[in-house]
Structures are given as structure tokens and as C-alpha cells.
Number of protein chains: 2
Amino acid sequence: MSESSLAELLRARGLRLTAQRQLILQAVLDLGHATPEQVHNAVREVAAGVNITTIYRTLELLERLGLVTHTHLSHGSPTYHAAGEDQHVHLVCRECGAIDEMDPELLRPLADQLARERGFRVDIGHVSFFGLCERCGNGDQK
Amino acid sequence: MSESSLAELLRARGLRLTAQRQLILQAVLDLGHATPEQVHNAVREVAAGVNITTIYRTLELLERLGLVTHTHLSHGSPTYHAAGEDQHVHLVCRECGAIDEMDPELLRPLADQLARERGFRVDIGHVSFFGLCERCGNGDQK
DNA sequence: TTTTGTGCAAAGATTTTGCATCCCC
DNA sequence: GGGGATGCAAAATCTTTGCACAAAA
């Protein structure tokens, strides 16, 4: 689905399909969620010459095309992941950094309420919760 | 409450109360939520010589002391805000960058569910939702 | 006086930009 | 062939670190 839709989305805007763009999209799909640097490393295993600049520019493009989205997980760098069906909410452990996921539909009631009462339309595929995972949360009940 | 508790928390650890630390905490309390740079600007209005390095070091210290926490709002810089009573969830508009707030208690049912079913304890005072605010969301219903 | 804290400058890390060249269409 | 895309290098941010001096206790 994604490779062909990339070509179509690009063509529809007069943009070009390049090897780099295909590789970068594929890397994001494969990695699940990854920082620009992780994408770069993955892409370089296949095509050594690809520059980090191209990673940044292409991730931004793919996001504009709606193929990927990014989230900020606690620390510095943003992480990118495929947009679409497999959306998920990240559960990030403050202690150990583990990243779990949950179904965004659990947010639907709240999202609907916010849309109704405040006019704010939450992007429920772009949410992270911080806290303590099961392992790290034991002991210091609070 | 906070000024005196700062002194106590510092003394309890053998650390020192300085003018900079008081000013930086006060700035965070006043600003609501602010990036290190915004804190720096606020502090400099009172004490011109304070260095940005001290802002970073002190914000980290205040966070360890439990007086402030930080959140990552879409773009780059983290924003710091006072920990404790006045917790709030940020509603960040992807378009215009406006930051609104909502009561974290609205998250309570979901947080309880996650704790029960997955053992993940969400820090509900440390949540940001991204999306479109009322003004920016009009027109492109999707 | 002693030890922690701060300012300054420089180093790091990450991300962006300008420009010449490359190559998709 | 033409205009968008890439690589390279340099710039721009943002954050951290080392060290000498200042200041709290």
C-alpha cells in the first residue's frame, strides 16, 4: 500500500519519486518509531551515501503527505512513525524509558468532549502519556 | 509556600539558597509554562547578569527537588511549570502554536483504567494533547 | 574558611540553510 | 532540458561541560 501511494502522492503534487524517499519511508515503516538519526542509520545500511540532511527534509515531506507523523517522547529528539491504520498512543516510562502502546480509541470519549465543549480537535494518533510502567511503578505507591 | 520550601529542600540536602535560584523558581511560578529561554528573559528583567547556563542547571535542580516539572510541547524546547496543585493538561495547536489548558481530572477515568489493566501509572499532570484549536480547525473538517 | 554555585567561553549535539551538482520526469 | 532533489559544508540553535572566581554557610 505505502510504496505505491507514495508515488501517487508525490506525482499529484508535481514532486518526484526518488530512491531516498522510498528508502526513508520504508525505514520508518520497518522501525515502528524512530528518531531521525535511527532512520539515517537504517537507510545507510542499504544506501551508504544518504545524507542526514535528506533524512530531515524527507521526514518533513512525508509528514506533509500524511504518510508519517511524529511525536515527542520525553527526551530530545522527535520520533517518527507511520501514519494511518496502526495509530497508537505511546506510554512512556519516565524511569526506564520503555515505550508501550495503547489503542487511541480509548481517548475517543475525551476527544469528543473536548471538540464539543472547547472546539479543540485532538489528534488522537499523536499522543504520549508519561508515567511509570508496571515494573518501575512498584514500591513507591503514591 | 514555595519560597520557604525551596530553602528547606536545599538545606536538607546541604545545598545553598541563592538569589538566582529564588528568581528562577519565581519566574517559573509566574510564567505558568515557559521554556528555559523565556525563564531567562524573565529573570534578566530583575537581575541582568544571570547566565543561561544557570537557568538550565537550576531548572534541572528544581525538577530534582520536585518543585517544577517539564513537558515537551510539539516543537523543540521543553517547557517548565510549577509542580503541585495547579496541574494542567496542555492543549497545543499544531497550526498556530496556541496553548490552552484543561483540567487533568478529565483524564482520571482513563488513567485509572490504564493503572488497573496495564499497571501503567499515568502522570496526568504531565500530558499534552496536540491538535487544532477552534480558530485553526474551522474549514478543513476532517 | 570551605565547599558549593555562577559566569564565561568553548565544546557538543541537533537541525536548518545555501548552493552547486545530479537526476527524475 | 528543466526544475525539483540531493550532498556537502557551513550556519544556526539549543544544551552541556570545564574551569576560575564569587559567594553562601
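Chain identifiers are assigned alphabetically (A, B, ...) following the order of the sequence lines, protein sequences preceding nucleic acid strands; residue numbering begins at 1 within each chain.
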What is the distance, rounded to the nearest whole Å, between atom [atom1] of [X] and atom [atom2] of [N]?
X       : N      : atom1 : atom2 : result
A:Ile24 : D:dA5  : CD1   : P     : 12 Å
B:Arg11 : C:dG5  : CZ    : P     : 14 Å
B:Asn51 : D:dG18 : CG    : C1'   : 14 Å
B:Glu37 : D:dT16 : CD    : C1'   : 17 Å
B:Arg64 : C:dT4  : CZ    : P     : 13 Å
B:Leu9  : C:dT4  : CG    : C1'   : 17 Å
A:Gln38 : C:dA13 : CD    : P     : 16 Å

Task: Proximity to DNA chain C (any heavy atom under 4.0 Å), residues of residues 53-62 of chain A only - done: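 Close to the strand are A:Thr53, A:Tyr56, A:Arg57.
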Task: Path from A:Leu65 to A:Val68 over hydrophobic side-chain contacts below 4.5 Å - done: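 Shared cluster, yes.
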Measure the spacing between [atom1] of [X] and [atom2] of [Y] and express it to the nearest 0.5 Å.
X        : Y        : atom1 : atom2 : answer
B:Gln113 : B:Phe120 : CD    : CZ    : 14.0 Å
B:Asp112 : B:Glu117 : CG    : CD    : 11.0 Å
B:Leu15  : B:Leu6   : CG    : CG    : 10.0 Å

- [ ] Rounding to 10 degrees, work out the angle separating the end axes of the helix from C:dT1-D:dA25 to C:dC25-D:dG1 (five pairs an end).
- [x]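 Angle reported: 30°, given to the nearest ten degrees.
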Please identify each residue that fulfils side-chain contact (heavy atoms from CB on, under 4.5 Å) with [X], with sequence neighbours left out.
X        : answer
B:Arg16  : none
A:Glu105 : A:Asp103, A:Arg108, A:Ile124
A:Asp30  : A:Gln26

Open item on the list: With a 4.0 Å cutoff (strictly under), does any side-chain N or O of A:Gln20 reach OP1 or OP2 of D:dG7?
Closed with: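 Affirmative; the distance criterion is met.
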Open item on the list: Among residues 39-50 of chain A, which ones have heavy-atom contacts with DNA chain D below 4.0 Å?
Closed with: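 The stretch gives A:Gly49, A:Val50 as the residues lying under 4.0 Å from the strand, ordered by number.
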Task: Under 3.5 Å: donor-acceptor pair, side chain of A:Arg118, backbone of B:Glu101 - done: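 It does hold such a pair.
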TODO: Write down the atom of B:Ala82, the atom of B:Val28, and the distance for their closest heavy-atom approach.
DONE: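 Minimum heavy-atom separation between B:Ala82 and B:Val28: N-CG1, 3.7 Å.
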TODO: Using a 4.0 Å heavy-atom cut-off, write out nucleotides 20-25 of chain D from 5' to 3' as B (base contacted by protein), S (sugar-phosphate only) or - (no contact).
DONE: ---BBS
Using residues 45-57 of chain A as the side-chain source, report each donor-acceptor pair under 3.5 Å to any protein atom, sequence neighbours left out, with the distance given to one decimal.
from    : atom 1 : to      : atom 2 : distance (Å)
A:Asn51 : OD1    : A:Thr53 : N      : 2.8
A:Asn51 : OD1    : A:Thr53 : OG1    : 3.0

- [ ] Can you sort out the partners of A:Gln20 under side chain to side chain donor-acceptor pair (under 3.5 Å), two or more places apart, ordered by chain and number?
- [x]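 By the side chain to side chain donor-acceptor pair (under 3.5 Å) rule, A:Gln20 matches no residue at all.
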TODO: For B:His40, enumerate each residue passing the ring pair (Phe, Tyr, Trp, His ring centres under 6.0 Å) test, keeping only those at least two apart in sequence or located in another chain.
DONE: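 So B:His40 forms no ring pair (Phe, Tyr, Trp, His ring centres under 6.0 Å) with any residue.
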Task: Residues forming a ring pair (Phe, Tyr, Trp, His ring centres under 6.0 Å) with B:Tyr80, sequence neighbours excluded - done: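 If we apply the ring pair (Phe, Tyr, Trp, His ring centres under 6.0 Å) test to B:Tyr80, skipping adjacent residues, the hits are B:His70.
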Task: Sequence neighbours excluded, every pair satisfying salt bridge (Lys or Arg N to Asp or Glu O under 4.0 Å) that has a member inside residues 63-72 of chain B - done: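 Listed once each, the pairs are B:Glu60-B:Arg64.
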Task: Which residue lies more 5' along DNA chain D, comparing B:Ile52 with A:Gly14 via nearest heavy atoms - done: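 The residue whose closest nucleotide sits nearer the 5' end is A:Gly14.
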